[in-house]
Number of protein chains: 2
Amino acid sequence: MAGSESANSRYVRHSRDDVADAALRILDEYGLPDLTMRRLAAALEVQPSALYWHFPNKQTLLAELADRIVARPAPQVDAEAGWVDRTRAESAGLRDALLAYRDGAEVVSSTFAFGLGASAPLNRLAETIAAGGFDAETSHRAATALLHFILGHVSHEQQRLQFDSLGVLADGVTPDAVEGGENQADAFAFGVTLFVTGLDRSTISQ
Amino acid sequence: MAGSESANSRYVRHSRDDVADAALRILDEYGLPDLTMRRLAAALEVQPSALYWHFPNKQTLLAELADRIVARPAPQVDAEAGWVDRTRAESAGLRDALLAYRDGAEVVSSTFAFGLGASAPLNRLAETIAAGGFDAETSHRAATALLHFILGHVSHEQQRLQFDSLGVLADGVTPDAVEGGENQADAFAFGVTLFVTGLDRSTISQ
DNA sequence: ACCTGAACACCGTTCAAGT
DNA sequence: ACCTGAACACCGTTCAAGT
């Protein structure tokens, strides 16, 4: 039954998954500004209008990419670890997932702000935090705040990666003045620590 | 000497400030997606190409708008207040400034991520935090983390304002399920508290 | 000093029609 | 079920030329 259509395909024919796969490749190779519907269509060797059979619009396609980017398995952490260490690990894992694709943070950030998708990492963070004994609203607010920091930080980080690779630096900014490499990871961990420490010591509701 | 040019102007003639003023009006009235160079030119009754005498490109124009949006005077705070309350006040003031223009947070966020401008609020936050006795790097990192949270939170907040005004809600999301109005201010204050509490209790360097 | 006119090289999206 | 072909209504930017 399967495989009987491979010989008589009249033109290209793709699945929704094919489209998302190709989009993810273009994103990673050329960046978000170059991920246009027309360029994507050309890569798939179809007309731009063909894409609208698979996705109603570009925004929905980007939401699908965002979901894939954050769909990484959460990092394994010591079973005895408390909610603080688990939240740290979850945050670091999310950062890794965003860094795994060029402009990954931008894509997730924009669809998150748009209200579409990207709720998976929010829920994961909220659940991890809730294990600390916080009520649902506190956990949700803390997770949202932490997620905003993470998305902003990694977006910034990826923006710098591109600047550096293009050799573009703002006037008067020497390469040393810009934090790069491991410093970025340190700054990220520092920000996460600020959050969990604040939450841990908070007497708001626990 | 002044005023002798008003009668014999051959065509429209604008200053760089005129252009930024008009752009800010379009931004506030129609939102960032509708702030195009062509629409701006039309509002000023000039050709699109005329804008490029005043600004080298759109990105630079947006950076100018970002600078104006955050140029609000910092809120007055009790002279005896400590760095925690001052940081809270500075954060709330920045939120107000961003909320004062439609899509204000998006504009500032994008130019901040781009590396242009928006350094004024970062410096203000860093200085306020440094008054708590933290070293320069810690203050800078904490200010950056806080700023990322603020920009993400207010962007999200403004995105929701537009959704609500359009009557658009994601499937299955009831209006009650979405935090609105004063809840957003509460959630914002909660996030800021997480930060300053974490920093206050932090033994990293103080 | 500031603008016009015309062009270049693009966008996202719609829709009737084809296979 | 999936794509073509053609169009609509736009974009940002450049550059020679005008006043």
Side-chain angles (χ1 to χ4, degrees), chain A residues 1-23 26-27 30-66 103 106-107 110-111 114 116 168, chain B residues 1-23 26-27 30-66 103 106-107 110-111 114 116 168:
Chain A
M1 289 144 161
S4 62
E5 18 64 1
S6 62
N8 61 348
S9 60
R10 282 171 270 281
Y11 28 64
V12 188
R13 257 165 197 267
H14 296 289
S15 68
R16 185 185 156 100
D17 261 22
D18 292 338
V19 175
D21 285 347
I26 293 179
L27 175 70
Y30 303 99
L32 185 55
D34 280 359
L35 176 53
T36 68
M37 297 301 267
R38 299 179 106 98
R39 205 179 203 300
L40 175 56
L44 289 164
E45 301 187 278
V46 296
Q47 296 298 315
S49 50
L51 302 175
Y52 291 85
W53 195 90
H54 301 284
F55 293 93
N57 49 51
K58 188 177 182 180
Q59 197 61 244
T60 307
L61 169 63
L62 289 177
E64 169 68 28
L65 300 191
D103 291 337
E106 273 272 342
V107 171
S110 72
T111 72
F114 204 79
L116 293 173
V168 177
Chain B
M1 288 147 161
S4 62
E5 21 61 2
S6 62
N8 62 348
S9 60
R10 283 170 270 280
Y11 29 64
V12 188
R13 253 158 202 270
H14 296 288
S15 67
R16 184 185 157 100
D17 261 21
D18 293 336
V19 175
D21 286 346
I26 293 179
L27 176 69
Y30 303 100
L32 186 56
D34 280 359
L35 175 53
T36 67
M37 297 301 268
R38 299 179 105 99
R39 206 178 202 300
L40 175 56
L44 289 165
E45 301 186 278
V46 296
Q47 297 297 315
S49 51
L51 302 176
Y52 292 84
W53 194 90
H54 299 286
F55 293 92
N57 50 49
K58 188 177 182 180
Q59 197 61 242
T60 307
L61 169 63
L62 290 177
E64 169 69 29
L65 300 190
D103 291 337
E106 272 271 344
V107 171
S110 72
T111 72
F114 205 79
L116 292 173
V168 177

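Keep in mind that the numbers below use all heavy atoms, side chains included, and drop hydrogens, waters and symmetry copies. Since we're looking at a predicted model, the values are computed, not measured.
- Taking every side-chain heavy atom of A:P48 into account, C:dT13 is the closest of C:dA1, C:dT4, C:dT13.
- Judged by distance alone, the side chain of B:D21 and the main-chain N or O of B:D18 form no donor-acceptor pair under 3.5 Å.
- For A:R13, the listed nucleotide lying nearest its side chain is D:dC2; candidates were C:dT13, C:dC3, D:dC2.
- Smallest separation of non-hydrogen atoms from A:L44 and A:H14: O-NE2, 2.9 Å.
- Put simply, the side chain of B:L62 reaches to within 4.5 Å of the side chain of B:L32, judged on heavy atoms.
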Spell out protein contact along nucleotides 5-10 of chain C as letters: B when the base is contacted, S when just the sugar-phosphate is, - when no protein heavy atom is under 4.0 Å; keep the 5' to 3' order.
B-----
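- B:I26 and B:R39 get closest at one heavy-atom pair: CD1-O, 4.0 Å.
- At distances below 3.5 Å, at least one donor-acceptor pair connects side-chain atoms of B:R16 with backbone N or O atoms of B:H54.
- Nucleotides C:dA9 and D:dA9, compared at atom P, are 24 Å apart to the nearest Å.
- If you take CG on B:L116 and OG1 on B:T60, they are separated by 6.5 Å, rounding to the nearest 0.5 Å.
- Distance check: A:N57 CG to A:L51 CG gives 11.5 Å after rounding to the nearest 0.5 Å.
- The separation between A:F55 atom CZ and D:dC3 atom P is 12 Å, rounded to whole Å.
- We find that CG of A:L40 is positioned 14 Å from C1' of C:dC11, with the value rounded to whole Å.
- Contact check for B:D103 versus B:L35: no side-chain heavy atoms found under the 4.5 Å cut-off.
- Taking the side chain as every heavy atom from C-beta outward, B:L40 and B:L61 approach each other to under 4.5 Å.
- A:W53 has its CH2 atom 5 Å from the C1' atom of D:dA1, to the nearest Å.
- Distance B:N57 CG to D:dG12 P: 11 Å, rounded to the nearest Å.
- Atom CG of B:D18 and atom P of C:dA1 are 17 Å apart (whole Å).
- Separating the CG atom of B:L51 from the P atom of C:dC2 is a distance of 13 Å, rounded to the nearest angstrom.
- Atom NE2 in A:H54 sits roughly 6 Å away from atom C1' in D:dC2 (whole-Å rounding).
- Comparing the C1' positions of C:dC3 and D:dA16 gives an interatomic distance of 13 Å, to the nearest angstrom.
- Atom CZ of A:R39 and atom P of C:dG12 are 12 Å apart (whole Å).
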Intra- and inter-strand pairs of DNA chain D in dot-bracket (Watson-Crick or G-U wobble, both distances under 3.5 Å; | for another strand)
||.|||||...|||||.||
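- Contacts between residues 58-66 of chain A and DNA chain C, defined by a heavy-atom separation under 4.0 Å, are made by A:K58.
- Here the separation of D:dA17 from C:dC2, taken at their P atoms, is 22 Å to the nearest Å.
- Pairing each heavy atom of A:T36 with each of A:P33, the nearest pair is CG2-O, 3.9 Å.
- Nearest heavy atom pair, residue B:E64 against residue B:A20, reads CG-CB, 4.1 Å.
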